[in-house]
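Note that ligands are numbered from 1 as they come in the structure, with each ligand's atoms numbered from 1 the same way. Keep in mind that what you see is a predicted model, and the values were worked out from it rather than measured. For the numbers below, each heavy atom of this structure counts, side chains included, while hydrogens, waters and symmetry mates do not.
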Amino acid sequence: MNYKLLVVFLIVALMVVSPTMVGLVADGQALENGGDNNLDKSNIPDITVELYITSTGEIKQMSLEEYVCGVLLAEVPSFYEKETLKAMAVAARSYCMRRIQNEEKKIEHISADMCDDYSHCLGYISVEDALELWGESNINYYYSTIEQAVDETRGEVISYNGGIADTVFHASSCGVTECAENVWGFEIPYLVSVHSPEPNIEKIVEYSPEEMRILFEKNGVLCALGGEPQEWIECIKKNNNNRVEEIKISGVKITGRRAREIFGLSSASFDVNYIDGKFRFKTIGSGHGVGLSMAGANCMAQDGVGYRDILLHYYSGTKLILFSE
Ligand SMILES: [Zn+2]
């Protein structure tokens with residue numbers, strides 16, 4: 001009997017204490033689309049982010065809001081709309097908060113929560129470095145707009161099923177976004193393919209047959225590229241989201257994702273033709289294609305869509321909440 005009482009006591013104690021044990025929890029207050037709801041943000045705690053600077057190996061400490069400003073400065077084009085900046089502020093904050101709660105991720109950069117490598121975590125540039133690189137006249141106005149966007153969305157994160165969502169994003173898409181499963185091999189319910197209303201941003205990359213041979217060798221692809229170059233590309237298989245699933249070159253099958261790495265392509269949405277002695281790759285969009293497309297979000301913002309509706313469009317089935325202690 002005493003043992004059972006002890007177990008019940010421990011369970012109740014854990015239920016009471018656990019939120020502080022695991023750090024911050026989402027309080028579940030869903031924010032409505034459109035308005036600011038006159039939110040009471042007095043309970044939003046100050047969060048400190050530890051950022052690993054890849055070029056120097058140092059770990060910098062800063063407030064979450066300062067960190068998010070630096071991410072926007074590095075990731076979002078300066079001519080983008082304010083609502084796009086606000087959507088990106090919420091996405092970057094959520095991404096970082098999720099990493100802060102995930103101890104395993106930190107091992108990859110010596111216990112720091114995040115690093116400044118966009119291909120691993122998120123891009124980041126300090127305002128001091130931006131001033132040095134691009135000059136005061138270019139940065140001051142843009143940075144104050146970023147600060148406003150970050151401040152106006154303070155404490156807002158994207159939640160799914162009681163936890164903070166993995167709010168990945170990319171620069172531009174090809175009319176539709178890609179689902180997580182096609183890129184990382186596992187399903188994430190809120191990272192599914194959605195329509196992305198944006199113009200095609202095309203990029204051309206060309207390689208001579210000899211350069212193709214070198215790229216294959218460098219990337220360890222065992223492929224005998226013999227005969228006429230115009231016959232090397234045998235077929236391209238695309239998925240429903242207009243990304244290359246598989247490309248067959250001289251009998252060797254390569255996934256679209258791997259082809260993107262080998263040929264340094266902006267996205268997995270591409271076509272390739274042999275023209276005037278060169279292989280011409282034409283890509284649409286930039287990035288992995290999963291989650292929010294910044295270019296698509298900006299087109300929605302230009303059409304008068306608010307940042308909350310933009311976020312709920314790209315992260316299907318999620319909700320926006322305020323985090324609290
Ligand atoms: Zn990292």
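- Tyr274 is linked by a ring-ring contact (aromatic ring centres under 6.0 Å, His included) to Phe279, counting only residues two or more places apart in sequence or in another chain.
- The cluster map of Ile, Leu, Val, Met, Phe, Trp and Tyr, joined by side-chain heavy atoms under 4.5 Å apart, puts Ile284 and Phe169 in different clusters.
- Contact check on Lys237 versus Glu246 returns no salt bridge, with no Lys/Arg side-chain nitrogen under 4.0 Å from an Asp/Glu carboxylate oxygen.
- Between atom CD1 of residue Ile236 and atom CG of residue Asn273 there is a gap of 8.0 Å, rounded to the nearest 0.5 Å.
- The number of protein N/O/S atoms found under 2.8 Å from the Zn ion (ligand 1) is 4.
- Following chains of ILVMFWY side-chain contacts shorter than 4.5 Å, one cannot reach Leu133 starting from Tyr118, and the two form parts of different hydrophobic clusters.
- With Tyr95 as the aromatic partner, Arg99 meets the cation-pi criteria of under 6.0 angstrom to the ring centre and within 45 degrees of the ring axis.
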